[in-house]
Q: 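Got a structure for you, written out below as structure tokens; questions coming shortly.
Only this structure's heavy atoms are used, side chains among them; waters, hydrogens and symmetry mates stay out. In each ligand, atom 1 is the first atom listed, and ligand 1 is the first ligand listed.
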Amino acid sequence: MRVLVVGAGGREHALVRALARSPQAPEVLCAPGNPGIAQDAELRPEGDYDGVDLVVVGPEVPLVDGLADDLAERGIACFGPSAAAARLEGSKAFAKEVMAAAGIPTAGHWTVRTVPDGLAVIASYPAVIKSDGLAAGKGVVIAADEDEARAALHEMLVERRFGDHPVVVEEHLAGEEVSLLALCDGERAVPLAPARDYKRIGEGDTGPNTGGMGAFSPLDDFGDARIAEVVATVHQPVVDELARRGTPFHGVLYAGLMLTAEGVKVLEFNVRFGDPETQAVLPRLRGDLLDLLERCTRPGGLAGARLDWDPRAAVTLVLASRGYPAGSSSGDVISGLDGIPGGIEVTHAGTAERSGAVVTAGGRVLNVTALGEDRAAARSAAYAAAAMIEFEGAQLRGDIAAP
Ligand code: AMP
Ligand code: GLY
């Protein structure tokens with residue numbers, strides 16, 4: 001069995017490692033990968049699927065662009081939804097329309113195309129302003145007042161920072177966030193362990209949104225009964241609705257949830273694994289990830305699938321480069337990677353190799369994951385390991401997985 005992971009980040013590194021643990025002893029490839037992934041998989045150039053039995057797509061962009069459809073035409077099995085189903089992530093307006101059709105609770109919202117129309121629909125602040133297109137987690141602004149709202153609407157609709165897309169203005173929801181992902185085979189949704197992600201760059205959830213600065217799993221207040229309830233009211237209705245429309249969802253459906261005083265509401269859907277949630281969730285999965293992902297590619301293939309989890313806690317920290325998330329820096333030499341103790345997983349995200357040294361090459365650079373008997377133990381092990389890694393301008397939030 002030859003499995004190829006598409007992507008080059010920390011999530012793909014975690015997928016490569018989890019697939020390599022399969023008892024099927026697969027040959028694991030990655031395209032294009034990065035210097036860390038190269039230690040665990042054979043790297044291929046992008047677009048080279050020669051002799052590959054299963055393609056596992058990491059990021060959303062190729063899915064929205066139709067990679068799963070292209071591979072299907074070539075007779076290559078692909079873990080990841082078709083372009084039609086990937087619109088759940090590619091267009092927030094489409095996701096809202098599916099949620100309305102399927103009766104899924106979410107924030108009230110309006111789609112607007114001009115700055116005055118945007119300001120006119122906002123009844124109170126804070127208000128949430130989202131670009132309708134893909135923006136790597138950075139196209140969302142929580143505007144505290146009208147000035148911030150005007151600036152955000154201007155950036156998205158006039159300057160078109162994220163391309164030529166309308167804007168979704170949303171009611172602000174207060175509460176704790178949970179990332180609950182489910183594997184889907186076109187007919188049913190089977191949940192993965194929940195995780196919490198830290199979206200803002202600054203401690204205490206301050207500053208701009210990022211792709212995610214850290215994560216932990218499991219969540220104390222989100223046990224099996226709660227998971228089953230959310231899957232029944234969120235993930236399964238989406239799978240049913242897309243099947244009804246003739247565009248069944250195969251792959252992993254990521255629901256970003258807010259636990260509000262009025263119950264669970266959906267913030268967003270993604271059509272791929274979370275980053276960095278995957279780095280905290282997959283080390284806890286017992287059993288054969290390769291088998292599970294392969295089953296998702298077949299209609300009804302997950303029948304009888306049961307997922308089993310290591311009861312220990314996992315904490316993942318993200319080391320980001322100077323300037324992230326507004327920009328990023330590259331070429332800063334990374335030291336300390338050789339001294340990391342066994343049992344700690346360091347996955348590479350934005351790294352490159354230059355004259356034999358590993359250097360920064362992107363916003364989120366490295367992830368450090370530790371398992372522990374409880375969250376506090378995992379947290380202190382992760383921070384101790386992260387403290388050994390150095391590069392110029394490194395950013396690390398100090399409050400990931402804090403009690
Ligand atoms: P999204 O890309 O839609 O998930 O938004 C990114 C992040 O922005 C979320 O994870 C939340 O932290 C925040 N966010 C998005 N929508 C809302 C909302 N309606 N109310 C409060 N926070 C939100
Ligand atoms: N960590 C957030 C995401 O993967 O979208």
Q: Between G274 and ligand 2, does any nitrogen or oxygen pair lie at a separation below 3.5 Å?
A: no
Q: Out of all atoms in ligand 1, which are within 4.0 Å of some heavy atom of N209? Include the element for each.
A: 7 (C), 8 (O)
Q: For the CZ atom of R364 and the OG1 atom of T351, what is their distance to the nearest 0.5 Å?
A: 13.5 Å
Q: Indicate yes or no: does E170 engage K96 in a salt bridge with an N to O separation below 4.0 Å.
A: yes
Q: Is there a heavy atom in K265 that sits closer than 4.0 Å to ligand 1?
A: no
Q: With no hydrogens and no angle check, just 3.5 Å: does a side-chain donor-acceptor pair link E89 and Y254?
A: no
Q: Taking only heavy atoms of R272, which atoms of ligand 2 are found under 4.0 Å from at least one of them?
A: 3 (C), 4 (O), 5 (O)
Q: Counting heavy atoms only, name the option from E89, K199, E177 that's nearest to atom 12 (O) of ligand 1.
A: E177
Q: Provide the number and element of each atom of ligand 1 under 4.0 Å from a heavy atom of K92.
A: 1 (P), 2 (O), 3 (O)
Q: Number the atoms of ligand 2 from 1 as they appear, then name those within less than 4.0 Å of a heavy atom of D197, with their elements.
A: 1 (N), 2 (C)
Q: Counting from 1, what ligand 2 atoms have a heavy atom of N270 closer than 4.0 Å?
A: 5 (O)
Q: Near K199, which atoms of ligand 2 are under 4.0 Å from a heavy atom of that residue?
A: 2 (C)
Q: With heavy atoms only and a cut-off of under 4.0 Å, state how R11 meets ligand 2: side chain, backbone, both or neither.
A: neither
Q: Could you tell me whether the side chains of T278 and D275 share a donor-acceptor contact shorter than 3.5 Å?
A: no
Q: Heavy-atom contact under 4.0 Å between R200 and ligand 1?
A: no
Q: List ligand 1 atoms under 4.0 Å from V128, heavy atoms only on the residue side.
A: 16 (N), 17 (C), 18 (C), 19 (N), 20 (N)
Q: In this structure, are over 12 heavy atoms from other groups packed under 6.0 Å from E159 atom CD?
A: yes
Q: With a 4.0 Å cut-off on N to O distance, would you call D374 and R312 a salt bridge?
A: no
Q: Applying a strict 4.0 Å limit to heavy atoms, is P276 in contact with ligand 2?
A: yes
Q: Regarding ligand 1, does L173 bring an N or O atom to under 3.5 Å of one of the ligand's N or O atoms?
A: yes
Q: Which atoms of ligand 2 are found less than 4.0 Å from any heavy atom of G211?
A: 1 (N), 2 (C)
Q: Taking distance alone, with no angle check, do H172 and ligand 1 share an N/O pair under 3.5 Å?
A: no
Q: Could you tell me how the ring of F273 sits relative to the ring of F79: parallel (under 30°), tilted (30 to 60°) or perpendicular (over 60°)?
A: parallel
Q: Are R298 and D185 close enough for a salt bridge, meaning some N to O gap below 4.0 Å?
A: no
Q: Run the numbers for me: atoms of ligand 2, each under 4.0 Å from some heavy atom of E277, listed by number.
A: 1 (N), 2 (C), 4 (O)
Q: Here's a test for you: under salt bridge (Lys or Arg N to Asp or Glu O under 4.0 Å), which of K199, R200, K265, R196 qualifies with E177?
A: K199
Q: Find all atoms of ligand 1 within a distance of less than 4.0 Å from any non-hydrogen atom belonging to E268, and give their numbers and elements.
A: 1 (P), 2 (O), 3 (O), 4 (O)
Q: Only distances under 3.5 Å count here; give the side-chain donor-acceptor pairs of residues 337-347 to other protein atoms, sequence neighbours excluded, each with its distance to 0.1 Å.
A:
{"from": "E345", "atom 1": "OE1", "to": "R17", "atom 2": "NH1", "distance (Å)": "3.0"}
{"from": "T347", "atom 1": "OG1", "to": "N367", "atom 2": "OD1", "distance (Å)": "3.0"}

Q: Ignoring hydrogens and geometry beyond distance, is a side-chain donor-acceptor pair present between Q24 and D288 at under 3.5 Å?
A: yes
